[in-house]
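Read the structure below first, then the notes.
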Amino acid sequence: MKKHNFFAGPAILPQPVLRQASKAAWRFDDMGLSILEISHRSPQFGQVIRRARHLIRELLALPDGYHVLFTTGGASTQFFMVPMNLLNPDETAYYVNTGTWSTKAIAEARHFGQVVELASSADRGFNYIPSFRVPRGGKYLHLTSNNTIYGTQYQRFPKSDIPIVCDMSSDFLSRPLDVRPFGLIYAGAQKNLGPAGVTVVIVREDLLGTVQRHIPTLLNYEIFIKKESMFNTPPVFPIYVSMLTLEWIKEKGGLEKMERRNKSKARLLYNELDRNPLFEANVPNKRHRSLMNVTFRLTRPELEADFLSEAEAAGIIGIKGHRSVGGFRASIYNAMPRSSVKLLVDLMADFAQRKA
Ligand SMILES: *Cc1c(COP(=O)(O)O)cnc(C)c1O
């Protein structure tokens with residue numbers, strides 16, 4: 001039985017993407033070879049990486065001046081690659097701390113320049129998005145758009161005179177985005193786009209070439225731009241599978257359609273959490289709730305293990321909350337069908353009735 005995959009990441013991918021990917025792992029594009037054994041310099045892979053880049057440009061309607069890069073080392077490498085490429089030792093970057101991932105990004109950035117924590121939601125276990133005013137004169141403002149572990153998300157981005165750098169790992173391409181306030185966007189693929197192993201970086205060229213330090217070749221955005229992400233062997237298969245997901249998003253109607261589907265799924269789940277007395281959403285403010293990672297708990301914690309095992313028996317997996325938060329987390333990324341969310345919601349309703 002195919003399980004209902006609510007894991008936070010690596011995460012669910014669209015069924016047609018997995019089917020196509022497994023075919024290509026055997027025989028790719030009439031080459032008589034698997035995609036796993038072809039050269040990254042082959043014309044066939046050249047087409048794949050160009051197509052992937054083009055689809056990201058198209059889906060986000062990227063203006064000129066923005067470059068799409070495929071890097072490795074996950075989003076965690078961007079935590080230091082960003083300040084290494086953008087921030088001189090005497091320059092200031094503002095960071096908003098909305099959880100584990102922001103905290104790590106801040107810690108890495110401190111090695112490269114002046115880092116100011118502009119706001120934090122640590123005082124309440126990161127269960128809200130703090131409000132703040134963006135000062136003038138900083139090099140960039142760093143945000144984490146969706147907080148995978150806590151289930152919070154910016155529904156609107158703050159007005160900012162300085163370029164926004166944003167970790168969009170867990171909500172990349174989940175909704176339409178006006179990219180113009182953003183100087184740089186990065187996203188590890190394994191949440192909402194493809195397999196682990198590739199990270200998408202979108203960078204506006206005017207942010208580059210302003211730091212004095214030496215940047216190692218493979219950590220230099222300018223090299224990635226110049227070499228079209230092929231200075232060395234890129235992660236061929238993760239890029240291929242990401243391209244398939246991008247095709248799938250386009251075929252489904254693009255980002256507006258994704259957002260509509262995602263909102264409908266999230267509404268289904270949050271409505272149940274707000275209605276059902278046995279369950280409670282972790283994020284009280286409705287305007288801070290994530291459409292991607294829905295975190296919740298039982299009002300009678302002694303029933304948690306019971307609920308988890310009933311869910312597993314129904315084929316619902318991956319809903320255990322992050323170890324730092326506890327409770328539950330249902331990750332309902334782009335590829336998650338509404339029917340799987342409905343199954344979870346029906347189980348919650350039924351469970352509560354039986355335990356009443
Ligand atoms: C998962 C995650 C990361 C870490 O990603 P890696 O690719 O494992 O380094 C960073 N930021 C966010 C928002 C995440 O969800």
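Numbering of ligands and ligand atoms starts at 1, following listing order. Computed over heavy atoms, backbone and side chain alike; hydrogens, waters and symmetry mates excluded.
- Under a hydrophobic clustering in which Ile, Leu, Val, Met, Phe, Trp and Tyr are joined whenever their side-chain heavy atoms come within less than 4.5 Å, directly or via other members, M336 and L291 fall into different clusters.
- Ranking the protein heavy atoms by distance from atom 9 (O) of ligand 1 puts S76 OG, 2.6 Å first.
- The aromatic rings of H142 and Y95 lie parallel to each other, with less than 30° between the two planes, well short of the 60° mark.
- Ligand 1 lies nowhere less than 4.0 angstrom from a heavy atom belonging to T199.
- Taking the six-membered ring for Trp and thresholds of 30 and 60 degrees, F296 and F307 have ring planes more than 60 degrees apart, a perpendicular arrangement.
- In terms of protein heavy atoms, atom 14 (C) of ligand 1 is closest to K191 NZ, 2.9 Å.
- Here's the thing with D167: one of its N/O atoms is less than 3.5 angstrom from an N/O atom of ligand 1.
- Of all protein heavy atoms, the one lying nearest to atom 5 (O) of ligand 1 is A75 CB, 3.6 Å.
- Ligand-side atoms of ligand 1 in range of F79: 10 (C), range being under 4.0 angstrom from any heavy atom.
- D274 has a carboxylate O that lies under 4.0 Å from a charged side-chain N of R289, or vice versa, which qualifies the two as a salt bridge.
- For ligand 1, the atoms closer than 4.0 angstrom to any heavy atom of N146 are 13 (C).
- Residue G74 approaches ligand 1 through these ligand atoms, each under 4.0 Å from one of its heavy atoms: 7 (O), 9 (O).
- The residues R51 and E247 are annotated as salt-bridged, a charged nitrogen and a carboxylate oxygen being separated by less than 4.0 angstrom.
- Between G73 and ligand 1, no pair of N/O atoms sits closer than 3.5 Å.
- Contact atoms of ligand 1 toward Q190: 5 (O), 6 (P), 7 (O), 8 (O) (distance under 4.0 Å to a heavy atom of the residue).
- The same ILVMFWY cluster, assembled from side-chain heavy atoms under 4.5 Å apart, contains both L255 and F157.
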Mind running side chain to side chain contact (heavy atoms under 4.5 Å, CB included) on H40 and I239 for me, showing each step along the way? CA-CA 11 Å; H40 59 294; I239 291 173; over 6 Å; no
